[in-house]
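I have a structure I would like to understand better, so I am pasting it below and will then ask my questions one at a time.
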Amino acid sequence: MDMNTGHYVRHVLLGATAAAFFGAPYFPGLDRNGPVLDATMAIVRAKPHPADTARSRFPSQAAVTEVAAALNAFQPLVVRLSHPRALEEAFSGYFAYKAAHPDDVRKPFLYFVDYGLPSTSPRGYVFDMASRTIVEGPFTVAHGRGSSSGKDGVPTTFSNRPGSAATSLGLYLAQETYGFNGKTAGRHYSSIGLRLMGLSGDYNDNARARRVVAHGAPYVTASKAGRSEGCPAMEPSRASRLLPKLANGGLVFLFAPREDWMASDPWLARASGHANTSVGAG
């Protein structure tokens, strides 16, 4: 996406937030302003440029309304999160990308994983963003073996680097399905795989080169998830149900409570109005 488009999306979302400020809903469970309200306060203090005001009328209002509606629908249903802004970041990123690339988002489904929770905790969901219903979840999801030193627990390291075997945070576009073949505990297995294109710049743009995909894996069970090579793997039967729904136009959002990433991911920065500092993924 070119720089002009990036500025457009940022102004679109910020302008709508300013317009909606006094009618913005309150979301129980959030003990501080999220990026949408933070952006509003920044705009209210500054005098908008006339061109910005003209560009930020209708898509902007719709985008902020969509984020608010999604939060109202899903937040009461997603009872355990590692950070009070986890869903807000996911939905802001989803609608920011959809506003910029409507032709790419051909499916209404969002696969969300909260990697701030341990691998023994159900931390994955598939949301239908059109009907605002949960397709499935919560369910267990694997993280990369390069993201934690032990088999269980919370991942603490995230990387986009080839060979790291770590999970990469951020927004992904779900692309084609294929026949996935893997190996665990010395045994080969096969499952459906879903190729992912990383959209969050330095945080996950090596996904295809690293072969980071969503797939089914026998080391993921209903009670815990083993470690992958960086893939958000799920139970094989679940993968067969969910991955075809996501393919060719759904989105994936991998979250962790990392303030540096939340402040600088290109889609979250654009959605919230924070400056994009392009901090490396590590």
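Only a predicted model underlies this, so the values are computations on that prediction, with no experimental measurement involved.
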Taking NZ in Lys107 as the centre, count heavy atoms belonging to other residues, nucleotides or ligands within less than 6.0 Å. Is the count above 12?
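For Lys107, atom NZ is crowded (more than 12 foreign heavy atoms under 6.0 Å).
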
Contacts of type side-chain hydrogen bond (donor to acceptor under 3.5 Å, both in side chains), residue Thr120, not counting sequence neighbours
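Not a single residue meets the side-chain hydrogen bond (donor to acceptor under 3.5 Å, both in side chains) criterion with Thr120.
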
Kindly write out the residues that satisfy side-chain hydrogen bond (donor to acceptor under 3.5 Å, both in side chains) with Ser191, not counting sequence neighbours, or none if the list is empty.
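Ser191 satisfies side-chain hydrogen bond (donor to acceptor under 3.5 Å, both in side chains) with no other residue.
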
Per the salt bridge (Lys or Arg N to Asp or Glu O under 4.0 Å) rule, what does the pair list look like for residues 204-217, sequence neighbours excluded?
Glu176-Arg208

Atom CG in Leu254, atom OG in Ser168: separation rounded to 0.5 Å?
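Between atom CG of Leu254 and atom OG of Ser168 there are 8.0 Å.
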
If you look at every heavy atom in Thr221 and Pro218, which pair is closest and at what distance?
CG2-O, 4.2 Å

Tyr189: which other cluster members, linking ILVMFWY side chains closer than 4.5 Å, directly or transitively?
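So far as hydrophobic clustering goes, Tyr189 is joined with Tyr178, Phe180, Val213, Tyr219, Val220.
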
Is it the case that the ring center of Phe74 lies less than 6.0 angstrom away from the ring center of Phe91?
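Phe91 vs Phe74: aromatic centres under 6.0 Å.
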
Give me the ring orientation class for Tyr115 and His143: parallel if the planes are under 30° apart, tilted from 30 to 60°, perpendicular past 60°.
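Plane angle over 60°, so perpendicular.
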
To which residues is Val79 joined in a hydrophobic cluster, defined by side-chain heavy-atom contacts under 4.5 Å among Ile, Leu, Val, Met, Phe, Trp and Tyr, whether direct or through other members?
none

Non-hydrogen atoms of Leu196 and Val212 that approach each other most closely:
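Shortest heavy-atom contact: CB-O, 4.0 Å.
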
What's the shortest heavy-atom distance between Ala217 and Pro236, and which atoms?
O-CD, 3.3 Å

Can you name the residues that form a side chain to side chain contact (heavy atoms under 4.5 Å, CB included) with Ser240, not counting sequence neighbours?
Ile192

Is Glu235 salt-bridged to Arg241, cutoff N-O under 4.0 Å?
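No.
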
Which atom pair, heavy atoms only, marks the closest approach of Phe139 to Val126?
CE2-N, 4.1 Å

